[in-house]
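Right, one structure below, let's go through it.
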Amino acid sequence: MIDVVIVGAGPNGLMLACELALAGVHPVVLERHPAPAGEARANGLVGQVVRLLDRRGLYARLSGESTPPVPQPAFTFGAFPLDLTMLAENPHYVLGVPQAQLEAALAARAVELGVDLRRGHEVIDLRQRPAGVEVALADGTQLTCRFVVGADGGRSAVRRLAGIDFPGVTNDRSISRTATVTVPTSALDPETGGLRVPGYGVVPPFQHTRTARGLIAWAPFPGRPAILSTTEWPDTPTNDETPMNLAELRASVARVLGADIPLGAPDGPGLLRRLTGRNTRIAARYRAGRVLLVGDAAHVHPAIGGPGLNLGLQDAVNLGWKLAATVRGWAPQGLLDTYESERRPVAERVVMSTQAQSALIGPGDEITGLRQLFAELLCKPEVTGHIAALMSGADISYPADPTDPMAGRCAPDVVVHDDHGPTRLAELTRTARPLLLDSTGVYAEIAAPWRDRVDVVTGSLRGTTATALLVRPDCFVAWSAGDADTLRASLTHHFGLPR
């Protein structure tokens with residue numbers, strides 16, 4: 001019997017496969033498409049997920065950098081520029097790699113770890129039994145496994161076959177148009193890389209620019225075609241199914257800015273996409289017996305602010321160690337259910353954030369007045385800091401011991417110093433195993449009975465005031481230095497009884 005079948009070889013499914021493999025469980029990944037689509041979707045990663053990839057050794061692969069990620073000095077929220085240099089601690093990271101590159105890197109890593117990746121296999125039915133799940137494929141093949149995870153997107157077949165509702169709202173008022181384009185050199189601002197538009201001014205790069213008539217975004221990515229997009233709210237919704245062309249986008253730009261931009265097609269294949277409306281939905285439950293959901297299969301929301309991969313990949317990492325512990329038999333009672341209890345509130349905050357931003361970019365004089373007030377608030381560091389933490393996911397706090405100030409929060413970038421020199425936490429977490437960092441030598445002895453599943457590293461700790469930290473595989477703190485009894489309790493609560 002297969003331990004876990006993951007349906008969907010997008011970023012979330014592949015990340016989950018890597019996490020399971022690191023934990024000693026080798027899943028089968030089923031993807032209905034025979035080859036990677038390669039279509040332009042997400043243009044990068046935003047938020048704490050960048051640090052997470054560093055802690056799995058994937059950041060260097062994707063960025064080509066040998067140094068750790070650093071926070072970005074600026075970002076955007078609801079078409080407002082965010083000046084993050086005013087913050088004492090900036091939590092916002094960005095990694096500008098297209099989704100196709102991310103998927104290729106995760107697929108390569110999964111294969112390295114022994115994951116069985118099968119493309120061209122479509123799931124058409126699921127039947128849950130007391131001891132497992134029977135998975136029927138379109139080619140007549142049937143697989144039996146202990147668990148199935150749906151990572152197959154917003155229109156998830158797994159979610160439908162498992163009988164899980166997908167409540168929420170669909171708003172069909174907006175029309176978004178996106179294309180890869182070229183523009184004349186004379187239309188580029190040499191200082192900022194923005195678009196110089198006669199009759200309007202400069203459209204800054206990598207920001208959302210809002211007018212009373214709509215939204216425009218200009219993204220001149222280095223080394224690849226630039227992307228131009230608009231969003232409008234027509235008085236009468238349309239369901240135009242004809243293919244979009246550059247003339248349609250150019251006309252939309254003219255309506256949004258009140259000025260024209262000459263547009264050309266890139267060399268080679270390009271993106272032309274029109275989307276009508278927005279979906280905001282969260283699955284009624286993340287688990288139905290032996291079937292679980294991650295990523296867009298569990299939640300969809302507007303793409304503004306780029307939170308999708310930050311949310312979905314961290315779903316996968318949260319679920320991975322808990323599902324592996326269940327398969328391997330050492331999970332404490334109820335551990336797998338904490339996947340939903342921890343991750344659903346995070347999805348709800350992302351929905352709140354994207355809905356707020358969608359309201360702030362809307363048309364009309366009333367929204368303009370709201371934006372004027374909001375602009376005043378963003379001059380305050382505490383407001384900008386709150387929004388930066390919300391957008392990056394740095395404000396996530398899982399239920400934990402209320403007397404432990406670090407428990408339930410993402411682990412800080414600790415550096416361990418021992419006789420061999422300094423070692424970053426990111427170098428110690430690449431195995432995705434629970435980790436006890438101990439600067440006293442006392443706690444290591446207490447954790448010894450869990451040595452089969454918890455690694456122990458001793459040395460002085462820099463970057464934290466704690467003298468010891470118990471770090472979960474998803475790099476959240478389970479416990480920070482207390483007494484021996486609280487450490488034993490936390491080890492048992494998170495990682496089961498010792499063998």
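One is the number of the first residue; the rest follow in order along the sequence.
- Among pairs with a residue in residues 148-168, none fulfils ring-ring contact (aromatic ring centres under 6.0 Å, His included), at least two apart in sequence or across chains.
- Sorted pairs that involve residues 360-371 and meet salt bridge (Lys or Arg N to Asp or Glu O under 4.0 Å), not counting sequence neighbours, are lacking altogether.
- Side chains of Gln314 and Asn310: a donor-acceptor N/O pair is present below 3.5 angstrom, by distance only.
- Contacts classified as salt bridge (Lys or Arg N to Asp or Glu O under 4.0 Å) and involving residues 8-17 (residues at least two apart or in different chains) are not found.
- Listed by chain and residue number, nothing satisfies the ring pair (Phe, Tyr, Trp, His ring centres under 6.0 Å) test with Tyr93 (two or more places apart in sequence, or in another chain).
- Under the salt bridge (Lys or Arg N to Asp or Glu O under 4.0 Å) criterion, the residue pairs touching residues 328-357 are Arg287-Asp337, Asp315-Arg343, Lys322-Glu342, Glu340-Arg344, Glu342-Arg472, Arg349-Asp395, with sequence neighbours excluded.
- Every residue meeting the salt bridge (Lys or Arg N to Asp or Glu O under 4.0 Å) condition with Arg109, not counting sequence neighbours, appears here in chain and number order: Glu112.
- Panel note: side chain Thr486, backbone Asp483; a donor-acceptor pair is recorded below 3.5 Å.
- Between atom CD1 of residue Ile387 and atom CG of residue Leu84 there is a gap of 10.5 Å, rounded to the nearest 0.5 Å.
- At a threshold of 4.0 Å, the pair Arg51-Asp54 does not count as salt-bridged, since none of the basic side-chain nitrogens sits closer than that to a carboxylate oxygen.
- Arg430 is linked by a side chain to side chain contact (heavy atoms under 4.5 Å, CB included) to Arg424, Glu427, counting only residues two or more places apart in sequence or in another chain.
- For Asp152, there are no salt bridge (Lys or Arg N to Asp or Glu O under 4.0 Å) partners two or more places apart in sequence or in a different chain.
- For the residue pair Ser439 / Ser460, no side-chain donor-acceptor distance below 3.5 Å is found, with atom types taken as modelled.
- Here the closest non-hydrogen pair linking Ala283 and Pro167 is C-CD, 4.3 Å.
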Walk me through whether Phe75 and Phe206 qualify under ring-ring contact (aromatic ring centres under 6.0 Å, His included). CA-CA 8 Å; Phe75 200 64; Phe206 302 110; over 10 Å; no
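- Nearest heavy-atom pair across Leu271 and Thr180 is N-OG1, 2.7 Å.
- Looking at residues two or more places apart in sequence or on another chain, you find a ring pair (Phe, Tyr, Trp, His ring centres under 6.0 Å) between Phe476 and Tyr398.
- The distance from the OG1 atom of Thr464 to the CE atom of Met406 is 3.5 Å, given to the nearest 0.5 Å.
- Ser353 and Gln357 share a side-chain donor-acceptor pair at under 3.5 Å.
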Which pairs of donor and acceptor atoms, one on a side chain in residues 16-26, lie under 3.5 Å apart (sequence neighbours left out)?
residue: Glu19; atom: OE1; partner: Arg56; partner atom: NE; Å: 3.4
residue: Glu19; atom: OE1; partner: Arg56; partner atom: NH2; Å: 3.0
residue: Glu19; atom: OE2; partner: Arg56; partner atom: NE; Å: 2.8
residue: His26; atom: ND1; partner: Leu113; partner atom: O; Å: 3.4

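- Ser229 and Arg273 share no side-chain donor-acceptor pair at under 3.5 Å.
- Remark: Pro11 pairs with Gln99, Leu102, Glu103, Leu106, Leu309, Leu313 by the side chain to side chain contact (heavy atoms under 4.5 Å, CB included) rule, at least two apart or across chains.
- With sequence neighbours left out, the side chain to side chain contact (heavy atoms under 4.5 Å, CB included) criterion links Arg213 to Thr211.
- If you run side chain to side chain contact (heavy atoms under 4.5 Å, CB included) between Phe147 and each of Ile6, Val5, Val327, only Val327 comes through.
- Thr170 and Asn279 share a donor-acceptor pair across their side chains, judged by distance under 3.5 Å alone.
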